[in-house]
Colleague: 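One structure, as structure tokens, below. Some questions next.
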2 protein chains.
Amino acid sequence: MTHFVGQCRLRKLAVTPQRLAIYGALARTDAHPTAEGLYRAIHVRYPTISLATVYKTLETLEREGLISRFSFLHQAARYDANQERHHHRVCIQCGRVEDFTDRALDRLPTGVHQRRGFKVLAQLVQVNGLCRRCKHPAGRSVRPT
Amino acid sequence: MTHFVGQCRLRKLAVTPQRLAIYGALARTDAHPTAEGLYRAIHVRYPTISLATVYKTLETLEREGLISRFSFLHQAARYDANQERHHHRVCIQCGRVEDFTDRALDRLPTGVHQRRGFKVLAQLVQVNGLCRRCKHPAGRSVRPT
DNA sequence: TTCAGTGCAAACGGTTTGCACCGCG
DNA sequence: CGCGGTGCAAACCGTTTGCACTGAA
């Protein structure tokens, strides 16, 4: 937590009790909570906090690289008629998704997970980056259909 | 498309013009469209179709394994204070997410993508399956916080 | 004292649902 | 002709936004 305060100072972010509570609650768990879950956890000891503040704070901390959000392309579900086993290459700029197949990726070892009592059903690889168009800032970046 | 009709017959799904239009539009593209995008594409030639029908149909086709949805955990964003490079093990039953690290996965070859003009920024592996609790149907499955 | 941060309430956008009607099998 | 599928409108739910207030620096 002292480290967190230091990081805030470094980045000229105000160290507010709300931020401490939110980051603290997130750092204290490995359950990958939702914004709502954090809000509920904090609300007990901090009844005046608002859900909007939780969202705004999480956005700030993510932008500053202090936390990360797990939810690829959460804006809208994307569908695919391609039913053969494949992985995804996602352009983080324009949102374009390309399929690719890779026999090697389909055979990633699963022992690590099984040893921890986890039954592996699928392993999906998502390659994030910039597509040809977006790599060269010339082109306009278009949002997907 | 004949194949699609056959699959519908097999599964006792009514072959309606709407379903044909929706599946057809999806099969005809590799752009991983959203429900809305499909709706717009179909609406031109099929002005009476409803967005709700598109959603219901996509859900049906996904349940039957004829198409797939790309949007892991789209219900709500999940946050994580763990900033070291890691991957995710996701229980598809209870939604629990565990982090794991794997040096080998961090070094997956990127040549294939670069050759296609794609600049790789990150490669994320998501291992889907059943966690210890959910593997053995004894335990109740709890939704995440 | 100043401006970033907070809290409220209202808006938003993607998705789901209830229900009456329709048309495939 | 029966029941699964469709279309409409309203509800839902996670998230974002506008705005006035507050408190960290």
Side-chain angles (χ1 to χ4, degrees), chain A residues 4-23 25 32-43 45-64 66-67 69-79 95 143-145, chain B residues 4-25 32-40 42-43 45-64 66-67 69-79 95 143-145:
Chain A
F4 174 69
V5 174
Q7 289 295 314
C8 286
R9 297 255 145 82
L10 250 173
R11 298 159 150 82
K12 312 268 182 236
L13 296 178
V15 180
T16 65
Q18 290 89 335
R19 287 200 173 149
L20 288 171
I22 293 166
Y23 182 83
H32 301 75
T34 60
E36 172 76 29
L38 285 169
Y39 171 73
R40 285 206 306 274
I42 295 162
H43 197 265
R45 314 218 52 201
Y46 211 121
T48 76
I49 204 167
S50 127
L51 185 51
T53 297
V54 175
Y55 275 108
K56 286 169 183 166
T57 300
L58 290 171
E59 193 198 336
T60 303
L61 299 185
E62 192 198 3
R63 177 164 21 85
E64 296 293 334
L66 296 174
I67 65 170
R69 189 203 298 234
F70 168 56
S71 139
F72 320 103
L73 249 39
H74 68 292
Q75 37 243 299
R78 311 279 297 262
Y79 297 85
R143 278 277 146 197
T145 314
Chain B
F4 175 68
V5 174
Q7 290 294 316
C8 286
R9 296 256 146 83
L10 250 173
R11 293 155 211 265
K12 313 267 181 235
L13 297 177
V15 180
T16 65
Q18 290 89 333
R19 288 198 173 150
L20 288 172
I22 293 166
Y23 182 83
H32 303 73
T34 61
E36 172 76 30
L38 285 169
Y39 171 72
R40 284 206 306 273
I42 295 162
H43 197 264
R45 315 218 53 203
Y46 210 121
T48 76
I49 204 167
S50 128
L51 185 51
T53 298
V54 175
Y55 275 109
K56 286 169 183 166
T57 301
L58 290 171
E59 193 198 336
T60 304
L61 299 185
E62 192 197 3
R63 177 163 21 86
E64 296 293 333
L66 296 173
I67 66 170
R69 188 203 299 233
F70 169 54
S71 142
F72 321 105
L73 248 37
H74 68 293
Q75 36 243 296
R78 311 280 295 264
Y79 297 86
R143 277 278 145 196
T145 314

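In what follows, chains are A, B, ... by sequence order, proteins preceding strands, each numbered from 1. The basis for the numbers below is simple: all heavy atoms, side chains too, and nothing from hydrogens, waters or symmetry mates.
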Colleague: Whole angstroms only, please: what is the OH-C1' distance between A:Tyr39 and D:dT15?
Modeller: 14 Å

Colleague: Do the rings of A:Tyr23 and A:Phe4 sit parallel, tilted or perpendicular, given the 30° and 60° boundaries?
Modeller: parallel

Colleague: Taking OP1 and OP2 of C:dT6, is either one under 4.0 Å from a side-chain nitrogen or oxygen of A:Thr57?
Modeller: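 Indeed, a polar side-chain atom of A:Thr57 lies that close.
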
Colleague: DNA chain C: A:Arg19 or B:Ala52, which has the more 5' nearest nucleotide?
Modeller: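 Looking at the nearest nucleotide for each, A:Arg19 comes out on the 5' side.
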
Colleague: Verify the contact: side-chain N or O of A:Thr53 to OP1 or OP2 of C:dG7, cut-off strictly under 4.0 Å; return yes or no.
Modeller: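 Yes, A:Thr53 has a side-chain N/O under 4.0 Å of OP1/OP2 on C:dG7.
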
Colleague: Just the rounded figure in Å: distance from P of C:dG14 to CZ of B:Arg69.
Modeller: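 Atom CZ in B:Arg69 sits about 14 Å away from atom P in C:dG14.
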
Colleague: A:Leu58 has an atom CG; how far is it from atom C1' of C:dG7, in whole Å?
Modeller: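 Interatomic distance, CG of A:Leu58 to C1' of C:dG7: 16 Å.
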
Colleague: Within the structure provided, determine whether B:Leu58 and B:Leu38 are in side-chain contact (heavy-atom separation under 4.5 Å).
Modeller: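 They are in contact (side-chain heavy atoms under 4.5 Å apart), so the answer is yes.
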
Colleague: For B:Glu59 and C:dT15, what is the distance between atoms CD and P respectively, to the nearest whole Å?
Modeller: 12 Å

Colleague: Which comes earlier along DNA chain D counting from the 5' end, the contact point of B:Tyr79 or that of B:Lys12, where each point is its nearest nucleotide?
Modeller: B:Lys12

Colleague: Can you tell me how far P of C:dA4 sits from CZ of A:Arg11, to the nearest Å?
Modeller: 18 Å

Colleague: Between C1' on C:dC22 and OH on B:Tyr46, what's the gap in Å once rounded to a whole number?
Modeller: 11 Å

Colleague: Could you walk me through whether A:Val5 and A:Leu20 pass side chain to side chain contact (heavy atoms under 4.5 Å, CB included), step by step?
Modeller: CA-CA 8 Å; A:Val5 174; A:Leu20 288 171; 3.9 Å; yes

Colleague: Calculate the interatomic distance between A:Ile49 atom CD1 and C:dC8 atom C1'; express it in whole Å.
Modeller: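 One finds 14 Å between C1' of C:dC8 and CD1 of A:Ile49, rounded.
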
Colleague: Compare side-chain N and O positions of A:Tyr55 against OP1 and OP2 of D:dT16 and report whether any pair is under 4.0 Å apart.
Modeller: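 No, A:Tyr55 has no side-chain N/O under 4.0 Å of OP1/OP2 on D:dT16.
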
Colleague: Could you tell me the separation between the CG atom of B:Leu51 and the P atom of D:dA10, rounded to a whole number of Å?
Modeller: 16 Å

Colleague: Contact class for B:Lys56 (heavy atom, under 4.0 Å): base, sugar-phosphate, or nothing?
Modeller: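 Base, at least one base heavy atom under 4.0 Å.
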
Colleague: Check whether any side-chain heavy atom of B:Thr16 lies under 4.5 Å from a side-chain heavy atom of B:Thr57, and answer yes or no.
Modeller: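 The answer is no; the side chains never approach within 4.5 Å.
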
Colleague: Determine yes or no for a side-chain-to-main-chain donor-acceptor pair under 3.5 angstrom, with B:Arg69 supplying the side chain and B:Glu62 the backbone.
Modeller: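 Such a contact is absent between B:Arg69 side chain and B:Glu62 backbone.
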
Colleague: Answer whether the closest heavy-atom distance between the side chains of B:Leu10 and B:Gln7 falls below 4.5 Å.
Modeller: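 B:Leu10 vs B:Gln7: side chains touch.
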
Colleague: Inspect the surroundings of CZ in A:Arg63 and state if more than 12 heavy atoms from other residues, nucleotides or ligands are less than 6.0 Å away.
Modeller: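 Above 12, so yes.
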
Colleague: Can you build the contact string for nucleotides 20-25 of chain D? Use B for base contact, S for sugar-phosphate-only contact, and - for no protein heavy atom under 4.0 Å.
Modeller: ----SS

